[in-house]
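Only this structure's heavy atoms are used, side chains among them; waters, hydrogens and symmetry mates stay out. Naming: A, B, ... by sequence-line order, numbering from 1 per chain.
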Number of protein chains: 2
Amino acid sequence: MPTSRSYGDACGIGRALDVVGERWALLVVRELLLGPQRFSDLRGALPGASSNVVTDRLHELEGHGVIRRRKLVPPAGSWVYELTEWGREIEPALLALGGWGLRVGVPGPPTTLSGTSVLLFLRRCAQPDPSNAPSVFNLGLDDRMWTVRSADGRVTITIGECPHPHASLRTDPRTLNTLIGHPAELNAALSDGRALADGDVSALHRLLRDVVLPPLDGKG
Amino acid sequence: MPTSRSYGDACGIGRALDVVGERWALLVVRELLLGPQRFSDLRGALPGASSNVVTDRLHELEGHGVIRRRKLVPPAGSWVYELTEWGREIEPALLALGGWGLRVGVPGPPTTLSGTSVLLFLRRCAQPDPSNAPSVFNLGLDDRMWTVRSADGRVTITIGECPHPHASLRTDPRTLNTLIGHPAELNAALSDGRALADGDVSALHRLLRDVVLPPLDGKG
DNA sequence: CCGCATCCGTTTCGATACTG
DNA sequence: CAGTATCGAAACGGATGCGG
């Protein structure tokens with residue numbers, strides 16, 4: 001493990017950067033915000049990072065107590081990485097940074113967009129009417145299943161599928177990102193095969209319509 | 001200017017890191033949070049960064065619209081770097097990151113601690129009684145003067161000195177950091193020369209006592 | 001002195017190949 | 001699937017030089 005160099009700065013910001021300031025570290029943390037992930041999941045979500053860098057960051061983050069390596073119960077049996085309690089507490093800072101970064105131009109193609117990224121954005125911007133009846137969805141992205149719950153004026157997201165969803169949607173992160181804030185395109189996406197829906201499609205429409213995009217004024 | 005490599009990630013977090021994710025970039029931004037600084041001020045606050053790295057980060061941050069280079073009005077005539085409006089909006093994210101980082105162990109000596117770092121911490125943690133009468137202080141740190149105002153339940157900090165302060169204090173960032181939350185040590189610091197005070201010292205005591213240190217429980 | 005630019009040894013990153 | 005090994009390219013860190 002490449003003993004990460006320290007800034008030697010006693011300020012909290014410098015100390016935080018000693019832990020998550022190395023290249024790719026915060027993106028690894030981002031991928032774990034919605035739940036445990038396997039090594040290959042992380043690699044798939046961060047194709048720009050080579051495997052040894054991912055390995056280094058995971059070891060460093062584990063050594064600093066940000067993440068934990070855990071073996072799943074037998075039938076699965078594989079290893080996953082998950083945030084520790086302290087690791088999870090970085091979420092507000094990361095989301096604030098992400099909100100600030102929305103006003104940075106999207107880098108030239110090719111760009112990647114992980115399922116976790118889109119779902120974090122969906123959860124952050126969704127403002128369902130608190131008086132609405134709760135609704136549950138199964139969402140398939142990148143060969144991973146997610147459960148999206150809309151209730152009590154907010155959206156929560158968990159890994160895995162739930163038994164009796166109001167609707168199910170299978171698509172890719174980029175299409176979902178387009179649909180967020182442009183719910184009208186759902187029918188087109190369903191027609192041309194970019195998305196596949198099942199169950200109460202009008203509930204899906206409602207979910208997408210509840211997303212309020214941030215203003216994104218000029219950078220001043 | 002080393003055209004900073006992009007993560008190629010369309011997520012807001014990735015785009016933010018394309019701009020402020022390079023080494024030292026966020027610490028440069030931190031140093032500018034309380035006002036414009038000259039190149040040499042930044043070098044003094046970040047002694048671990050070599051001059052070419054500081055130059056690179058400044059150029060990159062300027063190119064991305066986070067900071068701006070400005071010439072002071074004559075007699076001063078020197079150049080300063082300051083945050084743009086957009087750059088200033090990263091402050092909440094940075095402070096959140098810094099709060100999270102307080103639970104990282106302080107790196108082994110030698111460590112640095114800039115005046116800006118301590119003042120950001122003071123401003124963040126100070127909780128003066130809103131019913132108290134406003135008070136103003138001149139604070140000398142690292143050969144720079146700051147004005148500290150306590151009013152309306154919060155502390156504000158500006159660069160430069162004000163004409164009629166209730167008290168003045170000259171010390172170094174590390175001593176001030178010690179005094180924060182340990183106001184009782186002020187008298188000792190004044191006796192042994194680590195600090196020099198003038199004016200209403202009891203008002204200084206009050207200012208220091210208004211700082212409420214965060215809990216800092218274990219990292220779990 | 002201030003604000004860099006240049007040079008150079010060291011470290012890290014990024015890409016690919018390879019192993020249990 | 002989950003990493004390790006290797007190696008060239010790039011970035012960093014420290015020192016020095018230099019024009020204004």
Side-chain angles (χ1 to χ4, degrees), chain A residues 1-9 14 17-18 20-28 31-32 36-62 67 69-72 74-82 110 112 142-144, chain B residues 1-9 14 17-18 20-28 31-32 36-63 67-72 74-82 107 110 112 143-144:
Chain A
M1 158 174 156
T3 165
S4 54
R5 31 189 187 174
S6 168
Y7 285 103
D9 194 305
L17 292 175
D18 279 346
V20 294
E22 302 291 317
R23 199 160 167 76
W24 294 104
L26 280 178
L27 296 187
V28 169
E31 289 304 313
L32 297 177
Q37 304 270 359
R38 292 171 302 172
F39 187 84
S40 53
D41 297 327
L42 297 172
R43 286 230 61 197
L46 306 170
S50 42
S51 57
N52 53 12
V53 172
V54 175
T55 300
D56 286 351
R57 290 304 95 86
L58 287 172
H59 286 162
E60 292 159 11
L61 290 171
E62 186 181 8
I67 68 176
R69 196 166 176 261
R70 193 162 58 84
K71 199 183 180 82
L72 290 183
S78 59
W79 292 91
V80 292
Y81 296 89
E82 63 184 1
T112 67
D142 289 339
D143 294 326
R144 276 188 87 82
Chain B
M1 157 176 156
T3 166
S4 57
R5 23 184 196 175
S6 167
Y7 285 102
D9 193 306
L17 292 174
D18 279 346
V20 294
E22 301 291 316
R23 200 164 164 76
W24 294 105
L26 279 178
L27 296 186
V28 169
E31 289 304 313
L32 298 177
Q37 305 270 358
R38 291 170 304 172
F39 186 84
S40 53
D41 297 326
L42 297 172
R43 286 230 61 197
L46 306 170
S50 44
S51 60
N52 52 15
V53 171
V54 176
T55 301
D56 286 351
R57 291 302 96 85
L58 288 171
H59 285 161
E60 291 159 11
L61 290 171
E62 186 181 9
I67 68 175
R68 183 188 313 146
R69 195 166 178 262
R70 192 162 58 83
K71 198 183 181 88
L72 290 183
S78 59
W79 291 91
V80 292
Y81 297 88
E82 64 183 0
T112 67
D143 293 326
R144 276 187 85 81

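Under the salt bridge (Lys or Arg N to Asp or Glu O under 4.0 Å) criterion, R70(B) pairs with E82(B), sequence neighbours left out. Residues satisfying the side-chain hydrogen bond (donor to acceptor under 3.5 Å, both in side chains) test with S50(B), not counting sequence neighbours, are N52(B). For R38(A), the side-chain hydrogen bond (donor to acceptor under 3.5 Å, both in side chains) partners at least two apart in sequence or on another chain are D41(A). With sequence neighbours left out, A45(B) forms a side-chain contact (heavy atoms from CB on, under 4.5 Å) with E31(B), S114(B). With sequence neighbours left out, E62(B) forms a salt bridge (Lys or Arg N to Asp or Glu O under 4.0 Å) with no residue at all. By the side-chain hydrogen bond (donor to acceptor under 3.5 Å, both in side chains) test, S6(B) is found to be paired with D18(B), residues two or more places apart in sequence or in another chain being considered.
The interatomic distance linking D9(A) (CG) with dG13(D) (C1') rounds to 17 Å, in whole Å. For the pair E22(B) CD and dC12(D) C1', the interatomic distance rounds to 11 Å; values are reported in whole Å. Note: CH2 (W24(B)) to P (dG13(D)) measures 7 Å, nearest angstrom. Between E60(A) atom CD and dC13(C) atom C1' there is a gap of 12 Å when expressed in whole angstrom units. If you measure from atom NZ of K71(A) to atom P of dG3(D), you get 11 Å, rounded to the nearest angstrom. Separating the OH atom of Y7(B) from the C1' atom of dG14(C) is a distance of 13 Å, rounded to the nearest angstrom.
For R23(B), no side-chain nitrogen or oxygen approaches OP1 or OP2 of dT12(C) to under 4.0 Å.
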Could you go through nucleotides 3-5 of chain C and list every protein N or O atom that sits under 3.5 Å from one of its N or O atoms, giving the distance for each pair?
{"unit_1": "dG3(C)", "atom_1": "OP1", "unit_2": "W79(B)", "atom_2": "O", "d": "3.4"}
{"unit_1": "dG3(C)", "atom_1": "OP2", "unit_2": "F39(B)", "atom_2": "N", "d": "3.4"}
{"unit_1": "dG3(C)", "atom_1": "OP2", "unit_2": "S40(B)", "atom_2": "N", "d": "2.9"}
{"unit_1": "dG3(C)", "atom_1": "OP2", "unit_2": "S40(B)", "atom_2": "OG", "d": "3.3"}
{"unit_1": "dC4(C)", "atom_1": "OP1", "unit_2": "R69(B)", "atom_2": "NH2", "d": "3.4"}
{"unit_1": "dC4(C)", "atom_1": "OP2", "unit_2": "R69(B)", "atom_2": "NE", "d": "3.4"}
{"unit_1": "dC4(C)", "atom_1": "OP2", "unit_2": "R69(B)", "atom_2": "NH2", "d": "3.4"}
{"unit_1": "dC4(C)", "atom_1": "OP2", "unit_2": "Y81(B)", "atom_2": "OH", "d": "2.2"}
{"unit_1": "dA5(C)", "atom_1": "N6", "unit_2": "S51(B)", "atom_2": "OG", "d": "3.0"}

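Nearest heavy atom pair, residue W24(B) against residue Y7(A), reads N-OH, 3.3 Å.
The overall bend of the helix from dC1(C)-dG20(D) to dG20(C)-dC1(D), read as the angle between its terminal helix axes built from five base pairs each, is 30° when rounded to 10 degrees.
Within the 4.5 Å cutoff, side-chain heavy atoms of L46(B) are placed close to those of V28(B).
Relative to the side chain of R57(A), the nucleotides dG13(D), dA11(D), dC13(C) differ in distance, and dC13(C) lies closest.
Side chain of R69(B) to main chain of L58(B): no donor-acceptor pair is present (N/O by atom type, distance under 3.5 Å, no hydrogens or angles).
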